[in-house]
Number of protein chains: 2
Amino acid sequence: MATDPETGSATDSPTWVDRLRERGFRITPQRHLVLQAVDELGHATPEKIHVHVQQRTSGVNLSTVYRTLEVLEDVGLVTHAHISHGSPTYHSVRDEPHVHLVCRSCERVDSVPMSELSNLLTYLNDARGFTPDVGHLTIHGVCADCGDETAGRKR
Amino acid sequence: MATDPETGSATDSPTWVDRLRERGFRITPQRHLVLQAVDELGHATPEKIHVHVQQRTSGVNLSTVYRTLEVLEDVGLVTHAHISHGSPTYHSVRDEPHVHLVCRSCERVDSVPMSELSNLLTYLNDARGFTPDVGHLTIHGVCADCGDETAGRKR
DNA sequence: GTAGGTGCAAAGATTTTGCAGTGCT
DNA sequence: AGCACTGCAAAATCTTTGCACCTAC
């Protein structure tokens with residue numbers, strides 16, 4: 001009642017509420033805010049999510065962000081990938097499934113839709129019985145732009 | 001090539017010495033030990049490398065391990081990948097190029113030789129101009145064994 | 001002999017945890 | 001009303017850094 005779960009934002013399909021309820025978790029403003037932040041930021045570290053949430057409502061603690069992300073990941077509303085060295089980056093499962101291409105030179109993050117990689121997935125499934133967590137997949141390397149400039153750097 | 005300087009271990013081809021010298025780095029027992037450890041351990045965190053090195057010669061400091069790995073990576077003798085959450089794992093560039101399949105359930109790490117994934121590499125190169133750092137590639141997901149057992153873990 | 005390298009310890013950065021109060025159900 | 005959740009602060013990890021001494025070149 002206090003909250004109204006059917007607002008129009010992308011985060012507000014009844015799904016997320018149900019997902020949490022089904023598993024016995026409670027619906028709190030903090031969880032809503034964190035989920036929204038993940039949705040809006042695209043790729044975000046816990047730190048950035050914290051800052052983003054603070055801009056709307058001050059008072060959400062960083063440790064709550066961590067605990068909330070853990071819960072949201074547990075119920076399958078977000079996933080994380082390791083894009084940069086230190087921090088994991090979280091993103092919503094609503095995003096189109098994609099893998100990340102991270103350039104080690106310019107740090108740029110590009111995305112490749114999963115559909116382009118279907119034969120990789122097929123191979124892993126058929127030959128290995130391995131079901132990849134695609135949202136989690138990050139490919140490091142050198143992008144087209146940096147490939148010329150830094151050619152010969154490593155080999 | 002086939003010079004057999006001391007022990008004939010995989011680490012002892014003249015290459016590693018030259019690699020360091022070329023770049024103006026000095027050859028120290030610590031660097032040799034760390035490189036050997038990376039070679040022998042396969043996939044190892046800085047922590048594990050430290051322990052491994054300690055078993056041969058006590059007295060190599062953990063911070064030296066970190067600094068040494070940085071140097072070895074800089075000259076291209078080792079690379080790192082993000083297999084588990086916290087720590088990067090290092091491995092020798094001597095290993096056959098491969099990607100890592102990490103099961104999120106049993107934590108097991110499997111390897112797929114790069115040759116099996118040639119069409120992925122080709123695609124990324126041709127369509128994207130992206131040169132992946134294969135040794136760095138880690139695919140998270142669920143392996144064959146855990147796919148059955150824990151099929152409902154997320155429920 | 002001269003820099004670069006190492007060891008040691010302390011500082012940083014990041015993530016986790018215990019506990020008491022708050023609020024969802 | 002009961003108990004999960006949050007905030008706060010301290011603890012636990014993991015990694016980096018300053019400085020004096022040592023050693024490869």
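Naming: A, B, ... by sequence-line order, numbering from 1 per chain. Values reported hereafter were calculated over all heavy atoms of this structure, with side chains retained and with hydrogens, waters and symmetry mates removed.
Residue A:Tyr66 places no side-chain N or O under 4.0 Å from the OP1 or OP2 atom of C:dT16. Listed pair A:Thr28 / D:dT6 meets the phosphate criterion, a side-chain N or O lying under 4.0 Å from OP1 or OP2. Of the side-chain N and O atoms in A:Arg21, one or more sit less than 4.0 angstrom from OP1 or OP2 of C:dT25. Look at B:Asn61 and you'll find a side-chain N or O under 4.0 angstrom from OP1 or OP2 of C:dC8. Here A:Gln30 reaches the OP1 or OP2 of D:dG7: one of its side-chain N or O atoms lies under 4.0 Å away.
When the P atom of D:dT6 is taken as reference, atom CD of A:Glu70 falls 12 Å away, rounded to whole Å. We find that CZ of B:Arg23 is positioned 17 Å from P of D:dC25, with the value rounded to whole Å. C:dT2 atom P lies 13 Å from atom CZ of B:Arg26, rounded to whole Å. The distance between atom CG of B:Leu33 and atom P of C:dT6, rounded to the nearest whole Å, is 11 Å. In this structure, NE2 of A:His50 is placed 13 Å from P of D:dT6, rounded to the nearest angstrom. A straight line from CD of B:Gln54 to C1' of C:dG7 spans 11 Å, rounded to a whole angstrom. Here C:dG5 presents its C1' atom at 17 Å from NE2 of B:His32, a figure rounded to the nearest Å.
Between B:Ser111 and B:His43, some side-chain heavy-atom pair lies under the 4.5 Å cut-off.
The listed nucleotides are D:dT17, C:dT6, C:dG5; the one nearest the side chain of B:Phe25 is C:dG5. The A:Thr64 side chain lies nearest to D:dG7 when the options are C:dC24, D:dG7, D:dT17. Checked against C:dG7, D:dA24, D:dC5, the side chain of B:Val60 finds its nearest nucleotide in C:dG7. The listed nucleotides are D:dC25, D:dT15, D:dC8; the one nearest the side chain of B:Ile27 is D:dC25.
A continuous path of Ile, Leu, Val, Met, Phe, Trp and Tyr side chains, each step under 4.5 Å between heavy atoms, connects A:Val112 with A:Leu124, placing both in one hydrophobic cluster.
Toward the 5′ end of DNA chain D lies the nearest nucleotide of A:Gly24, the other residue of the pair A:Gly24 and B:Leu62 mapping further downstream. Nucleotides of DNA chain C nearest to B:Ser63 and A:Arg67 differ in position, and the one nearer the 5' end is that of B:Ser63.
Counting only distance, with no hydrogens or angles, the side chain of A:Thr68 and the backbone of A:Thr64 share a donor-acceptor pair below 3.5 Å.
Using the six-membered ring where Trp is involved, B:Tyr90 and B:His80 have ring planes that are tilted, between 30° and 60° apart.
Exactly one of B:Leu35, B:Val60, B:Val53, B:Thr57 qualifies for a side chain to side chain contact (heavy atoms under 4.5 Å, CB included) with B:Gln30. That residue is B:Val60.
Residue B:Arg31 is classed as a sugar-phosphate contact, given heavy-atom separations below 4.0 Å to backbone atoms only.
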